[in-house]
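Shown next, in structure tokens, is the structure this report addresses.
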Amino acid sequence: MIDPESEESGTDAIVADLRRAGCVFAEEEAALLRQAASSSGELAALVARRIDGIPLEYLVGWADFRGVRVALDPGVFVPRQRTAFLIDEALERTAARPGDRRTVVDMCCGSGALGLAATTALRTGGVDVELVAADIDTVAVACARRNLEPLGAQVFQGDLFAALPGELVGRVDLLLANTPYVPTAMIARMPPEARDHEPRTALDGGEDGLDVLRRVADAAGRWLTVGGWMLVEIGTAQMDTATAIVAAAGLRPAIAESSDYGATVVCGTRTHAG
């Protein structure tokens, strides 16, 4: 930690530098960078890297997501605060009570933030949770294992459902998928700290942004239990197309929106066996 005597004088300068670099929450970021630094030299280096556009979460090594600290490594998708709405919706739709058991899959898991938040909330409510996660990226899988294995979860590497053990077929109560949904042509317009530092595979959703959603929805019905839900974050302009994709896959679609979070989620439930 930084010497407390130097904290007040140095903080104002750091905040000013961060503001000039375009950091909206400069005061909060300055405090987090101070906590992460073990010396004034390290602090200066962290501030310089932040000004260069390195995501804050990479510099401090973690992100807060829905009140849970998620360990984060450089090159892993940074969980967005708006995605907490997906967890809220998942918890509401699963309608779990103390003593119930739920099987949760975190697909395209990245750091494992969705699985971590959902499992933490469910277990706090007395629900028994079996958590499984998967991602195609080796760096993301290593990061997710740090976050999820302490919960007793298994994290697999592979392409979507091909990574999952077959014993989960027909047993999944909640399928949480933070798929990429930015149209390819829009990647260049993203903020540099995302565009230049986060993995392209976690951002680029193809021509209309929904290529991965199509693949997930197409197979989801086989893996969900009757009454199970798939929830995927999308952009507001993608609602109609996403709804059609989910319906065409044989799931009953629904759209959830939150003006508070600025988030949109497409949901699909398996309504019958067979």
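Please read all numbers here as calculations on a predicted model, not as lab measurements.
When side chains are defined from C-beta on, Leu43 counts as touching Ile14, because their heavy atoms get closer than 4.5 Å. Side-chain contact check for Phe161 versus Val216: some heavy-atom pair is nearer than 4.5 Å. At least one side-chain heavy atom of Met190 sits under 4.5 Å from a side-chain heavy atom of Val182. Here the side chains of Thr264 and Glu233 are not in contact, with every heavy-atom distance at 4.5 Å or above. Taking the side chain as every heavy atom from C-beta outward, Glu257 and Thr236 approach each other to under 4.5 Å. Side-chain contact check for Pro79 versus Thr83: every heavy-atom pair is 4.5 Å or farther apart. Within the 4.5 Å cutoff, no side-chain heavy atoms of Pro74 are placed close to those of His197. Inter-residue side-chain proximity for Leu164 and Trp223 is flagged as met; some heavy-atom pair is nearer than 4.5 Å.
Note that CD of Glu130 is 10.5 Å distant from OG1 of Thr119, once rounded to the nearest 0.5 Å. Going from atom OG1 of Thr243 over to atom CZ of Arg252 covers 13.0 Å, rounded to the nearest 0.5 Å. Here Cys109 contributes atom SG and Arg145 contributes atom CZ; the two are 9.5 Å apart, rounded to the nearest 0.5 Å. Of the inter-residue distances, the one linking Ser258 atom OG with Arg82 atom CZ reads 12.0 Å to the nearest 0.5 angstrom.
With sequence neighbours left out, Arg214 forms a side chain to side chain contact (heavy atoms under 4.5 Å, CB included) with Asp208, Leu210, Asp211, Thr241, Ile245. Considering only residues two or more places apart in sequence or on other chains, Arg20 meets the side chain to side chain contact (heavy atoms under 4.5 Å, CB included) condition with Ala16, Asp17.
Hydrophobic clustering (ILVMFWY, side-chain heavy atoms < 4.5 Å, transitive): Val78 and Trp62 are in one cluster. A single hydrophobic cluster is seen to contain both Ile255 and Met230, as judged by linkage of ILVMFWY side chains at heavy-atom distances under 4.5 Å, directly or through other members. Residue Leu168 is grouped with residue Leu251 when hydrophobic side chains (ILVMFWY) are merged at heavy-atom distances under 4.5 angstrom, including chains of intermediate members. Linking Ile, Leu, Val, Met, Phe, Trp and Tyr whenever their side-chain heavy atoms come within less than 4.5 Å leaves Leu59 and Phe25 in two separate clusters.
Leu160 and Ala134 make their closest contact through O-CB, 4.5 Å (heavy atoms, listed as atom of the first residue, atom of the second, distance). A pairwise comparison of heavy atoms in Gly170 and Arg270 identifies CA-NH1, 4.1 Å as the closest pair. Ala30 and Val15 make their closest contact through CB-CG2, 3.8 Å (heavy atoms, listed as atom of the first residue, atom of the second, distance). Closest heavy-atom contact between Val212 and Cys108: CG1-SG, 4.3 Å. Between Asn178 and Phe77, the shortest heavy-atom contact is ND2-CE2, 3.6 Å. When all heavy atoms of Gln81 and Arg66 are compared, the closest pair comes out as OE1-N, 4.3 Å.
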For this session: For salt bridge (charged side-chain N to carboxylate O under 4.0 Å, His left out), just list the numbers for Glu193 and Arg50, CA-CA rounded to whole Å, side-chain angles, deciding distance to a tenth of an Å, and then say yes or no.
Result: CA-CA 9 Å; Glu193 67 181 71; Arg50 181 66 185 120; 3.2 Å; yes
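A donor-acceptor distance shorter than 3.5 angstrom exists from the side chain of Asn147 to the backbone of Ser111, with no hydrogens or angles considered. A donor-acceptor pair is defined here as one N or O able to donate and one able to accept, closer than 3.5 Å; such a pair exists between the side chain of Arg195 and the backbone of Ala188. With hydrogens and angles ignored, the 3.5 Å screen pairs no side-chain donor or acceptor of Gln238 with any backbone N or O of Ile234. Under a 3.5 Å cut-off, the side chain of Thr269 and the backbone N or O of Gly228 do form a donor-acceptor pair. A donor-acceptor pair under 3.5 Å is formed between the side chain of Tyr58 and the backbone N or O of Val76. Counting only distance, with no hydrogens or angles, the side chain of Arg200 and the backbone of Asp204 share no donor-acceptor pair below 3.5 Å.
Paired with Asp128 under the rule salt bridge (charged side-chain N to carboxylate O under 4.0 Å, His left out), one option of Arg123, Arg101, Arg102 passes, and it is Arg101. With Leu56 as the fixed residue, the side chain to side chain contact (heavy atoms under 4.5 Å, CB included) test singles out one of Glu28, Glu29, Arg49: Glu29.
Summarising the local packing, CZ of Arg171 is surrounded by more than 12 heavy atoms from other residues, nucleotides or ligands at distances under 6.0 Å.
Taking a cutoff of 4.0 Å between a charged side-chain nitrogen and a carboxylate oxygen, Arg69 and Glu57 do not qualify as a salt bridge. Ion pairing of Arg215 with Asp159 is present here, as a side-chain N (NZ or NE/NH1/NH2) and a carboxylate O approach within less than 4.0 Å.
Hydrophobic cluster of Val265: the remaining members, joined at side-chain heavy-atom separations below 4.5 Å, are Phe65, Val68, Val70, Phe85, Leu86, Ile87, Leu91, Val104, Leu114, Leu116, Leu122, Val127, Val129, Leu131, Val141, Leu148, Leu151, Val155, Leu174, Leu176, Trp229, Leu231, Tyr261, listed by chain and number.
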